[in-house]
Amino acid sequence: MENEVQKKRILSGIQPSGDLTLGSYLGAIKNWAALADEYDCYYMLADMHTITVRQVPADLRRRTLTQLAAYIACGLDPEKNVLFVQSHVPAHAQLGWVLDCYTMFGELSRMTQFKDKSAKNADNINAGLFTYPSLMAADILLYQADLVPVGGDQKQHVEICRDIANRFNGIYGDVFKIPEPYIPKMGARVMSLTSPENKMSKSDKDPNGCVYILERPEDILRKFRKAVTDSEACVRYDPENKPGVSNLMQIYAVTTGRSFDAIEQEFAGHGYGDFKAAVGESVVEMLRPIREETERMLSDKAYLQGVYRAGAEKAARVANRTLGKVYKKVGFIDR
Ligand code: ATP
Ligand code: LTN
């Protein structure tokens, strides 16, 4: 019990905004599974963030369940990790509002994700898209998280969360733990297979740039076969001049545990064809058990329901404690 109290806490989440990609697996989820013994871990399905972009309701429901099954299939044991749906814990919306009042217009305007997403959704630049980071700050701060494991693209959001927390603590005393981002060295930024200057993203319009973790092996192999490379015909790590090949090398390094040097040697004198096929095969083999296990779990809805209900209950207990403190600090009277 003593140990339980001392464990550092982790919170992270992914939006059920599309099918999970190889990017979200390598950049985030794969690394989460290994943390369960050392940390007290909370993982969310960020459905409230997802509606900042218009969704088809039935699809959102289906993807939320599929994503929960995929979390478990990727090794997040619900006995060791608290797995929950954001909208099931009302404290997120409640603290989100309070933090909106401690977040500045100027700092939100500088967020890269806001700029990208408002360019992509020019007909729906809603207030939720703009205040996305203060809701995300609420997600993290409610749990007094020490670490937030995310891919490199989310670093800016963890930084603004720290700024908001410091601002609030500066006024009211030590209410929030200041979290640190926890970004993997390898796989932090998996790039699109067709435009390797952009990150692989599940809401990408080009389905060939993106490998989904539940995709059929033949489709995965085809996408790798078609991946954009360059005309040098030499497997060498040089992200600046050879972004396509370097991205494939990154992926292969993570799936096989080999170093860049070893990969360069393995393919010395071979064309890109062999290399791309090998990368594709290694990804297929890594994802196969995840796909099979996800499909198996999706056929047992009652089990999944049990997992998210228990998760919401555990999460709410921690979240409500923080929310209570915050309400008191800002001057709301006790009910
Ligand atoms: P969307 O397209 O809806 O913005 P996304 O594909 O970018 O979604 P997120 O749900 O934003 O994915 O990200 C889930 C997690 O996976 C985050 O921690 C994010 O940092 C990480 N991640 C997403 N894409 C990549 C990528 N290409 N490389 C590394 N990590 C990634
Ligand atoms: N913004 C994140 C998803 C997300 C998240 C969080 C990540 C929502 N709330 C809290 C870490 C902590 C994304 O787009 N990947």
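Since this is a predicted model, take the numbers as computed values, not measurements. Remember, it's 1-based here, ligands and their atoms both numbered in the order they're listed. Just so you know, residue 1 is the first one in the sequence shown, and it goes up from there.
Near Leu11, meaning under 4.0 Å from any of its heavy atoms, are these atoms of ligand 2: 10 (C), 12 (C). Atoms of ligand 2 found under 4.0 Å from any heavy atom of Ala46 (numbered from 1 in listed order, with element): 8 (C). Less than 4.0 angstrom separates some heavy atom of Ala28 from each of these atoms of ligand 1: 15 (C), 16 (O), 18 (O). Of all atoms in ligand 2, numbered sequentially from 1 with element shown, those under 4.0 Å from a heavy atom of Tyr132 are 1 (N), 2 (C), 3 (C), 13 (C), 14 (O). When each atom of ligand 1 is checked for a heavy atom of Gln154 under 4.0 Å away, the hits are 20 (O). Residue His49 approaches ligand 2 through these ligand atoms, each under 4.0 Å from one of its heavy atoms: 8 (C), 9 (N). The Gln15 neighbourhood of ligand 2 comprises atoms 14 (O), with distances under 4.0 Å to a heavy atom of that residue. Short contacts between ligand 2 and Ile140, defined as distances under 4.0 Å to a heavy atom of the residue, involve ligand atoms 10 (C), 12 (C). When each atom of ligand 1 is checked for a heavy atom of Gln15 under 4.0 Å away, the hits are 10 (O).
Using a 4.0 Å cut-off between heavy atoms, Val150 contacts ligand 2 through its side chain alone, with no backbone atom that close. Both the backbone and the side chain of Ser12 come within contact range of ligand 2, each with a heavy atom under 4.0 Å. Contacts between Ser24 and ligand 1, counted as non-hydrogen atom pairs separated by less than 4.0 Å, involve both the backbone and the side chain. Residue contacts with ligand 1 for Arg189 involve N, CA, C or O but no side-chain atom from C-beta outward (heavy atoms, distance under 4.0 Å). By the criterion of a heavy-atom distance under 4.0 Å, the side chain of Lys117, and not its backbone, is placed next to ligand 1. At a 4.0 Å heavy-atom cut-off, ligand 2 touches Val148 through the side chain alone.
The nearest non-hydrogen atom to atom 6 (O) of ligand 1, considering only Lys202, Gln250, Lys199, comes from Lys202. Closest heavy-atom approach to atom 27 (N) of ligand 1 within the set Leu26, Asp153, Val190, Ile183: this belongs to Val190. Closest heavy-atom approach to atom 3 (O) of ligand 1 within the set Ser17, Gly27, Pro181, Gly23: this belongs to Ser17. Considering only non-hydrogen atoms, atom 18 (O) of ligand 1 lies nearest to Gly151 out of Ser201, Gly13, Pro16, Gly151.
Between the CD1 atom in Ile164 and the CE atom in Met136 there is a gap of 10.0 Å [rounded to 0.5 Å].
Considering backbone and side-chain N/O atoms, Met200 comes within less than 3.5 Å of an N/O atom of ligand 1. Checked by distance only, ligand 1 and Val150 stay at 3.5 Å or farther apart across all their nitrogen or oxygen atoms. Considering backbone and side-chain atoms together, Asp139 places an N or O closer than 3.5 Å to an N or O of ligand 2.
Under a 3.5 Å cut-off, the side chain of Lys30 and the backbone N or O of Gly27 do not form any donor-acceptor pair. Judged by distance alone, with hydrogens and angles left aside, the side-chain atoms of Arg162 form a donor-acceptor pair with the main-chain N or O of Pro179 at under 3.5 Å. A side-chain donor-acceptor contact under 3.5 Å links Asn31 to the backbone of Leu26.
Aromatic ring centres of Tyr143 and His92: separated by under 6.0 Å. Taking the six-membered ring where the residue is Trp, the centroids of Tyr132 and Phe114 are separated by 6.0 Å or more. The aromatic ring centroids of Tyr272 and Phe267 lie 6.0 Å or more from each other.
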* Chi angles and distances behind the salt bridge (Lys or Arg N to Asp or Glu O under 4.0 Å) call for Lys155, Glu159 -> CA-CA 6 Å; Lys155 187 163 179 254; Glu159 277 161 7; 3.4 Å; yes

* Hey, mind stepping through Tyr308 and His88 against ring-ring contact (aromatic ring centres under 6.0 Å, His included) and telling me if it holds? -> CA-CA 9 Å; Tyr308 67 65; His88 290 176; 5.2 Å; yes

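Among protein heavy atoms, atom 7 (C) of ligand 2 sits closest to Gly13 O, 3.3 Å.
The residues Asp19 and Arg63 are annotated as not salt-bridged, no charged nitrogen and carboxylate oxygen being separated by less than 4.0 angstrom.
Screening Arg222, Lys223, Lys202 against Glu215 for a salt bridge (Lys or Arg N to Asp or Glu O under 4.0 Å) leaves a single residue, Lys223.
Met44 counts as a contact of ligand 2, since one of its heavy atoms falls under 4.0 Å from the ligand.
Note: Trp32 and Tyr71 have perpendicular aromatic rings, judged against thresholds of 30 and 60 degrees for the angle between ring planes.
A 4.5 Å side-chain heavy-atom check between Val254 and Tyr252 finds every atom pair outside the cut-off.
Under the 4.5 Å side-chain heavy-atom criterion for Ile, Leu, Val, Met, Phe, Trp and Tyr, Met48 and Val53 are members of distinct hydrophobic clusters.
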